[in-house]
Amino acid sequence: MLINPLKAGTGGADRAHIEAVIYEASKGTRFFEEQKRRHARTADRIARLKAHAARVTRSDLAEAEQTIAHRRAAIEAAVLSDVDADGRPRVMVHCDLDAFYASVHEVDEPQWRTVPMAVGGTGGDGVLTTANYVARRFGIRSAMPTWIARKLCPQLAVLDLDFAKYRVAAAKVRTVFSRYDPRFRSASLDEASLDLTPYLAEHPELTPAQAVEAMRAAIHAETGLTASAGIAANTMLAKIASDANKPNGQLLVPFDRLGILAFVGALPVRKFPGIGAVTDHVLDAFGVLTGADIAAQMPFLWTILTPALRDYLLCVSMGVPSGAALPPAPPGASSTPGGDAATRRSGISSERTFKSTASLAFLQAMLRDQCATLADDLRRSRVFARTLTFKIKKESFAVLTRSRSTNGYVRTAGELYRHVEPMLLAVVREHRPPTQWRLLGVRASGLVGENADGMTAGVRVGVRVGGNDGGNDRDDATRDGRRSDAVRRRGGHP
DNA sequence: GCGGATCAC
DNA sequence: CATGGTGATCCGC
């Protein structure tokens, strides 16, 4: 008799049961096999790092210690200068709605509050976007395929996504945020980062924790949603703290240097934003489990890790967002915080998963669809593309990409397709049947605004791609069947 | 510049 | 039987 999942909390026995169900369901699937291959590549990477580590000398370490000492001094100087007009540290808050999509449905239809429920993933190949907290006790998580979730919990209710509803709810929540910081930033519908310093200056009777309690209470009163929050000296710490007492809780991280170091020192490395499953595994292989381990082993890590990662680790182990006190950017680099270079998207993409197929005609039709979608997005964003990347995924889940830089003025569906179709043909030719494919997409990057030099809306200079480029977005004269024949003639090894 | 990988949401 | 889509960044050629 299996353990009753209704009693599942965070207990070890229940967790083991959940893991066993997931393992039994996943075992043998193509997805699982691809995961194993990725795991093997990570193991190779760790082995190479260990071989490198074995060659590290005392003088390498001594040199690293010097470099680290200088970097640490620079970081501390920069952090101490990041204070408000009165010389006090800023009070940053990160606020995060709990199980946002699922909770919005619960507010509208309270019958979902007491039963396991998840949102998204109603299609055949669906994965869940959010699960309510009842469902989470069964081990159900976001990004879990629906069919595995049903093995964990057969009575699970799965609702369709309703973004219109989520946008309405998010807009209400944002009116609350704006009362506490009119300049708050949101990276997604369900979270926001606020600078509470001005608000607190106007309300000296409130502690930061009291103000945030009141903000979360206002969110609940005005939307029925619960939120969790973190309060700290910078946004990174606030974000980490917002996760600590979820759901419907908050945490204040000490603002003094030693308090910050104690907080990050006790933190498992996986909690730092930017350290995912793979980096966690790599660090684990070197006995680096916590922020304190990072700090203690910094000289050694410095000698074996790549520049971006080691600098990131140095910063976060001091409780400081990465990139702090870096040397000034080279002249000409467009790194204007708050300016439009910082907010401009660097790429736009469209991709789609479908029932695995080896049919070139189908893949061509799908690629046309993705190009049409991407063309619409480019036009709406008022940009042209300099680089196009074709992406395709095998039935085995292995992913391939091919990219090519263009003259910088590509946007219509037809232009996009003429650039990426050869990439599709080449990849398919390299992988002869019976290779089957399950996803295909196209990404535009190196975006150039319509009003950039030499560029005005409707008049594009220097466009010469294929034979038909009158600026018409609808030019799908080339028939799939004809392409298919052409490919067949060209296909095949010598 | 290109292709593979990693990460967040 | 069966595992998403979008955007960003980094690393090693």
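Every chain is numbered from 1, with letters handed out A, B, ... down the list of sequences.
- The environment of CZ in A:R352 is sparse: at most 12 heavy-atom neighbours from other residues, nucleotides or ligands sit within 6.0 Å.
- Taking only distance into account, the side chain of A:T353 never meets the base of C:dT3 through a donor-acceptor pair shorter than 3.5 Å.
- The cationic atom of A:R402 (NZ for Lys, CZ for Arg) does not lie both less than 6.0 Å from the six-membered ring centre of A:F390 and within 45° of the ring axis.
- The cationic atom of A:R174 (NZ for Lys, CZ for Arg) does not lie both less than 6.0 Å from the six-membered ring centre of A:F177 and within 45° of the ring axis.
- When each of C:dT6, C:dG7, C:dG4 is scored by its nearest atom to the side-chain atoms of A:K391, the top-ranked nucleotide is C:dT6.
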Side-chain donor-acceptor pairs under 3.5 Å in residues 308-322 of chain A, sequence neighbours left out?
unit_1, atom_1, unit_2, atom_2, d
A:R310, NH1, A:W302, O, 3.0
A:D311, OD1, A:R71, NE, 2.8
A:D311, OD1, A:R71, NH2, 2.9
A:D311, OD2, A:R71, NH2, 2.9
A:Y312, OH, A:P273, O, 2.4
A:S317, OG, A:L313, O, 3.0
A:S317, OG, A:L314, O, 3.0

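- Of the residues near DNA chain C, A:T306 and A:R352, the one whose nearest nucleotide (by heavy atom distance) lies more toward the 5' end is A:R352.
- Chain A approaches DNA chain B within less than 4.0 angstrom (heavy atoms of the protein), and the contacting nucleotides run 5' to 3' from B:dG1 to B:dC9.
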A:K165 and A:H105: CA distance, side-chain angles, deciding distance, side-chain contact (heavy atoms from CB on, under 4.5 Å) verdict: CA-CA 8 Å; A:K165 198 177 273 205; A:H105 288 280; 4.3 Å; yes
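- Here C:dC11 is the nucleotide among C:dT3, C:dC11, C:dT6 with the atom lying nearest to any side-chain atom of A:P307.
- Going from atom CZ of A:R150 over to atom P of C:dT3 covers 16 Å, rounded to whole Å.
- Using a 4.0 Å heavy-atom cutoff across all strands shown, A:S188 reaches sugar-phosphate atoms only and no base atom.
- Straight-line distance from the CG atom of A:L374 to the C1' atom of C:dG5: 14 Å, rounded to whole Å.
- When heavy atoms are screened at a 4.0 angstrom cut-off, A:R41 is found touching the sugar-phosphate backbone but no base atom.
- If you check every strand for non-hydrogen atoms under 4.0 Å, A:T279 touches sugar and phosphate atoms only.
- Closest to the A:S349 side chain, of the nucleotides C:dG5, C:dC11, C:dG7, is C:dG7.
- The cationic atom of A:R411 (NZ for Lys, CZ for Arg) lies less than 6.0 Å from the six-membered ring centre of A:F384 and within 45° of the ring axis.
- With rounding to whole Å, A:F354 atom CZ is found 13 Å from C:dT3 atom P.
- Among C:dG4, C:dT9, C:dA2, the nucleotide with an atom closest to any side-chain atom of A:W147 is C:dA2.
- Using a 4.0 Å cut-off, no side-chain N or O of A:R443 falls inside it from OP1 or OP2 of C:dT6.
- Distance, A:R30 CZ to C:dC1 C1': 10 Å, rounded to whole Å.
- One atom, CZ of A:R48, and another, C1' of C:dG12, lie 10 Å apart when rounded to the nearest Å.
- Taking 4.0 angstrom as the limit, A:R438 places a side-chain polar atom (N or O) nearer than this to OP1 or OP2 of C:dG4.
- Residue A:F397 is classed as a sugar-phosphate contact, given heavy-atom separations below 4.0 Å to backbone atoms only.
- If you take CZ of A:F32 and P of C:dC1, they are 15 Å apart, rounded to a whole angstrom.
- You'll find that the side chain of A:S346 is closest to C:dT9, out of C:dT9, C:dT3, C:dG5.
- Remark: A:D160 pairs with A:T122 by the side-chain hydrogen bond (donor to acceptor under 3.5 Å, both in side chains) rule, at least two apart or across chains.
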